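Below is one structure; the comments refer to it alone.
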Amino acid sequence: MPRRRVRRLVLAAVATVIVLTLVGTVVVTTVLVRRPLPQVSGEVELSGLDAAVTVTRDAQGIPHITAETSADLFRAQGFVHAQDRFFEMDYRRHVTAGRLSELVGADEQALDADKVIRTLGWRKVAEQEWDLLSESTQEHMQAYADGVNAYLADREPGEIAVEYTILGMRVDVADPEPWTPVDSLAWLKAMAWDLRSNYDEEIARATTYAAVGDVARVEELFPAYPEESNLPILDASTAQQVSAVVEGSDLDLADSELQDALAAADAALAAVPRLLADGEGTGSNSWVVAGDHTASGNPILANDPHLGISAPGIWSQISLTCAKVSEECPFDVSGFSFAGFPGVVIGHNAQLAWGLTNMAADVTDFFLERVVERTTLLDGERVPMDIRIETIKVNGGDDVDLAVRETVHGPIVSDVLNLGEAHQAPVAEETPWGEYEVALRWTALEPSVTADALFALNVAEDAEDVAAAAAQFAAPAQNIVFATVDGHIGYQAPGLIPVRNDVAGASLPSDGSWPRPGWDSAYDWQGYLPAEELPAALDPVEGYIVAANQAVTAFDAGPFMTNDFDYGYRSQAIRDRLVAQIEAGQKIDVASTEELQLDDLNPFAQALMPALLAVQIDDEWDDDGQELLRSWDLRSDADSAAAAYFAAVWSTLLELTFWDDLPDGFEPSGGSRWLTVVAGMLDDPQSAWWDDRTTVGIVEGRDEILTRALVTARSELTVAMGRDASDWTWGRLHAAAPTHALLGGPTMPAIVRRLVNPGAVPVGGGSSIVNATSWDAASDSFEVGAAPSMRMVVDLGDLDSSTWVTLTGASGHPASPHYADQLGAWAEGSSYPWPFTAEAADQAAEDRLTLRPARANS
């Protein structure tokens, strides 16, 4: 099987000490694990409050905070987030600052992550952003930090989180540093990084070119978006981007030194821990339906972001309510927050609901630089680089100094891990142009006011408010769908979208889909699309909007954003279901919307089944799997034997067809792009891609490869699940296994893994299916890699009739009953009531905590 990039940090084994500590006695184990559980009822003094704050929690432990002032509201949110999830916050803070080695000690992967993130400068950019923010945003963020620090005061690490107790067996664990607003801002960089869009495709194009040597053949593996069959979000746009046509330099991607530099850059960026998502399956579904088509006569909005599988889950559900909503205290908002950042990221207030999906705009470019000593070449001149020294502290070890070099295009990332030799060798006198390095330009490395945008969304009431918030939302670029209680539905594209020149005569496209010559300013970004030219819509005539990572507009009708949108099979399936309901006169309600979120119709099967069933398999044993397909309803539910077999056929088909042609590490992941590629090849039985180049003297065609895939998959599943094909189930292969980022990996003792990992649950769905539980076809496992991190359905006619569920639970403490109490409901596709109004929240309250201003010292 191909090598897998290691994305998750694991600590060195500490089995002996941990087992002695945690297994010694039941009493000791219970005390250590339960010690950090927070107080959720009674009264607690909280310094800095102006008045008492009420925190009620429902049966799932989800907090509803009510305060008299905005400052008290966010101070209380900081306190509650720290109660429930401070270790998660602290871990994220160390990662985003490039200080993970300070937390975990000497660990090669931690050090690599620190080097790369220091090079990218996430924390440095966050520090620059603080002074750009509005006064009200600064006040909210400072109040939040004060609340976090009030919780930390006078608490030992072991009282805050059991993770500190376990880490303390290996390294010195100091009291956590005070939380700062910049810690919160730096988290936005991690969010933007994991949702940054197409840099993987950019690297893949360049690396694949080195293997196949033909731009046209590479582009066959990156086909155009099928906009005729899978419709864009909007039919048209308010403006069309027209790029300037300029003359530029040529670029030889076959150069071995250049390829070494690209490989080094790819390896470095792969070392960044993924805090939200990773690879195939990162995306989201969202849609909104106007009241004309709903049972209540008011809009319904749905959203389910597809992110990584982690424990605790990514989102922290919360409600934030001003006791009297006014200009001074305008918040009455509920939804999904990030522990470590104040406010709500996705949710609704009393007037408006909003959902977010990744827009997939191309906001990163790799610039190939020609470097000599401290300079890079630009338009025939030598330009000095900015160079700074970063010192990485290692808990229990020696400091590590890192020299970071930055060009006019961004930080150089190809030298961070000291990989490769050719591009780092001393420059010879006969090569005056210098060695190759790779710099990364990324919109999120420019200071912005995205934090202002998030608070603006929390209090938005109409389309104008959403547009104003979107104009401040720099990165990540996200589709915003919204609906209002007075009946409007809409869409708004936000984000910094680079404008690039159309370079005439270049051997490679200059639209951002391939690396760019950094020595020629013709390839530099030409600014950003004006906010007022970004696509938007209000109350479209069809009465619904679907935004699920597909193209935003037709490619000849709107501003150019990328060539690398998701290929739209999920979005079209949602649209088709909505249209069918509307045309049948079936009114859409919360229940039917939840049902649609779980739709597991498999578009891969829709495309491939005719060809697979046409293949003749003579052996009765070998054709048992094919017989399953003949009666299959094409749905990948967890109990389906045919779905399991089809998944094995699909991954084997990709291996037989493409692995012999592609570089190691760039094998097909099996997502929507690869469905588009293979579907297009089915009409060309003798396409060169079908031929297995490892079989000397034989040229395979389509039918031979399809037959091999069917037979091989039958044998593989016999080994995995038994001889009787009717006993197979998709859920036995396809499980969601939330894993603790730091302590959940295989090097940890089993007792620790059992403590922090909730356990795997079988699920249906799959890649590019509406129920998007994606898996990597290039791996040796069908395990879920990304999935709906939450599901929400908002009824704008009765907000208390809305529903929500998250992947694991409200708490970040493994001993809490709310650590993973939502996982079963999430896996089976059910959800929970979402109380919003004061009356509903009060009725749902099972715990009530009053935070009171701290009394002055006598």
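Computed from a predicted model, the values in this text were never measured in an experiment.
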Using 30° and 60° as the class boundaries, would you call the ring planes of [X] and [Y] parallel, tilted or perpendicular?
{"X": "F565", "Y": "F555", "answer": "perpendicular"}
{"X": "W525", "Y": "Y528", "answer": "perpendicular"}
{"X": "H348", "Y": "W834", "answer": "tilted"}

So [Y] and [X], do their side chains get closer than 4.5 Å, heavy atoms only?
{"X": "V345", "Y": "F336", "result": "no"}
{"X": "S284", "Y": "L356", "result": "no"}
{"X": "L368", "Y": "V438", "result": "yes"}
{"X": "L742", "Y": "Y91", "result": "yes"}
{"X": "L188", "Y": "T96", "result": "no"}
{"X": "I117", "Y": "P273", "result": "yes"}
{"X": "D511", "Y": "R500", "result": "no"}
{"X": "T364", "Y": "L440", "result": "yes"}

From [X] atom [atom1] to [Y] atom [atom2], the distance as rounded to the nearest 0.5 Å:
{"X": "S286", "Y": "I233", "atom1": "OG", "atom2": "CD1", "value": "7.0 Å"}
{"X": "S414", "Y": "F366", "atom1": "OG", "atom2": "CZ", "value": "10.0 Å"}
{"X": "H94", "Y": "D183", "atom1": "NE2", "atom2": "CG", "value": "9.5 Å"}
{"X": "D365", "Y": "T443", "atom1": "CG", "atom2": "OG1", "value": "10.5 Å"}
{"X": "D131", "Y": "Q138", "atom1": "CG", "atom2": "CD", "value": "6.5 Å"}
{"X": "M790", "Y": "L807", "atom1": "CE", "atom2": "CG", "value": "12.0 Å"}

(request) List the steps and the verdict of side-chain contact (heavy atoms from CB on, under 4.5 Å) for F74 and F455. (result) CA-CA 11 Å; F74 292 115; F455 286 108; 3.8 Å; yes
(message) For T593 and L301: C-alpha separation, side-chain torsions, deciding distance, then whether side-chain contact (heavy atoms from CB on, under 4.5 Å) applies.
(response) CA-CA 9 Å; T593 302; L301 182 147; over 6 Å; no
Show the nearest heavy-atom pair for residues [X] and [Y], with the distance to one decimal.
{"X": "L132", "Y": "P447", "result": "CD1-CB, 3.7 Å"}
{"X": "T207", "Y": "F666", "result": "CG2-CE1, 3.6 Å"}
{"X": "D566", "Y": "S672", "result": "OD2-OG, 3.2 Å"}
{"X": "D235", "Y": "A557", "result": "O-CB, 4.2 Å"}
{"X": "A339", "Y": "Y144", "result": "C-OH, 4.1 Å"}
{"X": "R673", "Y": "P223", "result": "CG-CD, 4.3 Å"}

(request) Run the numbers on N771 and R791 for side-chain contact (heavy atoms from CB on, under 4.5 Å), then give the verdict. (result) CA-CA 11 Å; N771 185 16; R791 299 185 188 99; 3.6 Å; yes
(message) With a 4.0 Å cut-off on N to O distance, would you call E88 and R92 a salt bridge?
(response)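 A salt bridge is present here (some side-chain N lies under 4.0 Å from a carboxylate O).
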(message) Check this for me, if you would: do E129 and K189 make a salt bridge, where the nitrogen-to-carboxylate-oxygen distance has to be below 4.0 angstrom?
(response)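 Yes, E129 and K189 are salt-bridged.
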Any donor-acceptor N/O pair, [X] side chain to [Y] backbone, under 3.5 Å:
{"X": "R274", "Y": "V272", "value": "yes"}
{"X": "N458", "Y": "V344", "value": "yes"}
{"X": "T357", "Y": "A548", "value": "no"}
{"X": "S316", "Y": "S337", "value": "no"}
{"X": "N549", "Y": "N358", "value": "yes"}
{"X": "N285", "Y": "V770", "value": "yes"}
{"X": "Q597", "Y": "M792", "value": "yes"}
{"X": "Q526", "Y": "D524", "value": "yes"}
{"X": "R196", "Y": "V363", "value": "no"}
{"X": "D465", "Y": "E461", "value": "yes"}

(request) Decide whether a cation-pi geometry holds between R575 and Y544; the criteria are a distance under 6.0 Å from NZ or CZ to the six-membered ring centre and an angle within 45° of the ring axis. (result)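 Not flagged: R575 not positioned over aromatic ring of Y544.
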(message) Suppose the criterion is salt bridge (Lys or Arg N to Asp or Glu O under 4.0 Å): which pairs have a residue in residues 299-320, not counting sequence neighbours?
(response)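 Applying salt bridge (Lys or Arg N to Asp or Glu O under 4.0 Å) to every pair that reaches into residues 299-320, excluding sequence neighbours, yields nothing.
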So, [X] versus [Y]: side-chain donor-acceptor pair below 3.5 Å or not?
{"X": "N198", "Y": "D564", "answer": "yes"}
{"X": "T676", "Y": "Y225", "answer": "no"}
{"X": "S184", "Y": "W179", "answer": "yes"}
{"X": "Y491", "Y": "N479", "answer": "yes"}

(request) Going by the side-chain hydrogen bond (donor to acceptor under 3.5 Å, both in side chains) test, name the single residue among R516, R441, E369 that passes it with H409. (result)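 Among R516, R441, E369, the one that satisfies the side-chain hydrogen bond (donor to acceptor under 3.5 Å, both in side chains) with H409 is E369.
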(request) Step by step, work out the side-chain contact (heavy atoms from CB on, under 4.5 Å) result for L538 and F482. (result) CA-CA 9 Å; L538 184 65; F482 62 91; 4.2 Å; yes
(message) Evaluate W193 against Y199 for ring pair (Phe, Tyr, Trp, His ring centres under 6.0 Å), listing each step before the verdict.
(response) CA-CA 10 Å; W193 179 254; Y199 102 58; 5.6 Å; yes
(message) Between E127 and R123, does the salt bridge (charged side-chain N to carboxylate O under 4.0 Å, His left out) criterion hold? Intermediate values first, please.
(response) CA-CA 6 Å; E127 290 170 349; R123 174 92 185 182; 3.7 Å; yes
